[in-house]
Amino acid sequence: MDRQALGIFVLLGAVVLLPIALRPRHEPTQSGPAPERSLVVITPHNAAIRFEFAEAFRRAHWTKHREHIRVDYRTPGGTSEIVRYVSGQYVGAFRHHWTLELGKPWSHAVERSFANARVSLP
């Protein structure tokens with residue numbers, strides 16, 4: 001191999017390895033603005049409606065609170081699917097509270113009763 005080819009390989013190796021060798025050992029601390037907060041919206045609406053709502057909400061939130069916000073859409077399906085999704089979330093949260101925080105046993109009767117307005121608390 002001649003000297004010119006060897007020089008090219010050395011330069012190529014330096015170009016590839018030098019950035020790796022010089023990168024910081026630890027992630028730099030974030031010193032910029034605070035990260036955005038998120039608003040989760042569950043909706044059956046199409047992308048155009050979601051976009052318009054998100055832009056209007058971001059502007060209104062910035063005007064009132066001087067804070068950036070990200071609108072995070074969840075589209076599990078139509079309205080009936082959303083009702084099932086939200087109901088499931090409430091049942092799960094209540095079951096967690098009932099069994100882990102209150103230490104009471106879970107049953108189908110408890111599950112049926114928690115959203116029933118006719119059931120009175122002891």
Please list, one pair per line, the donor and acceptor atoms closer than 3.5 Å that link side chains of residues 76-95 to other protein atoms, with sequence neighbours excluded.
unit_1	atom_1	unit_2	atom_2	d
E81	OE1	G78	N	2.9
S87	OG	V83	O	2.9

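- Annotation: side chain of R70 is not in contact with side chain of R37 (no heavy-atom distance under 4.5 Å).
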Could you walk me through whether R74 and V40 pass the side-chain contact (heavy atoms from CB on, under 4.5 Å) test, one step at a time? CA-CA 7 Å; R74 308 288 166 91; V40 177; 3.7 Å; yes
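- Here the side chains of T43 and T75 are in contact, with some heavy-atom distance below 4.5 Å.
- H61 meets the ring-ring contact (aromatic ring centres under 6.0 Å, His included) test with F57, H65; sequence neighbours excluded.
- Within the model, atoms OG of S38 and NE2 of H68 stand 13.5 Å from one another, a figure rounded to the nearest 0.5 Å.
- Of all heavy-atom pairs spanning W106 and E111, the tightest one is CZ2-CB, 3.5 Å.
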Going by atom type alone, with no hydrogens or angles, which donor-acceptor pairs under 3.5 Å involve a side-chain atom of residues 48-56 and a protein atom two or more places apart or on another chain?
unit_1	atom_1	unit_2	atom_2	d
R50	NH1	H45	O	2.6
E55	OE2	R58	NH2	2.6

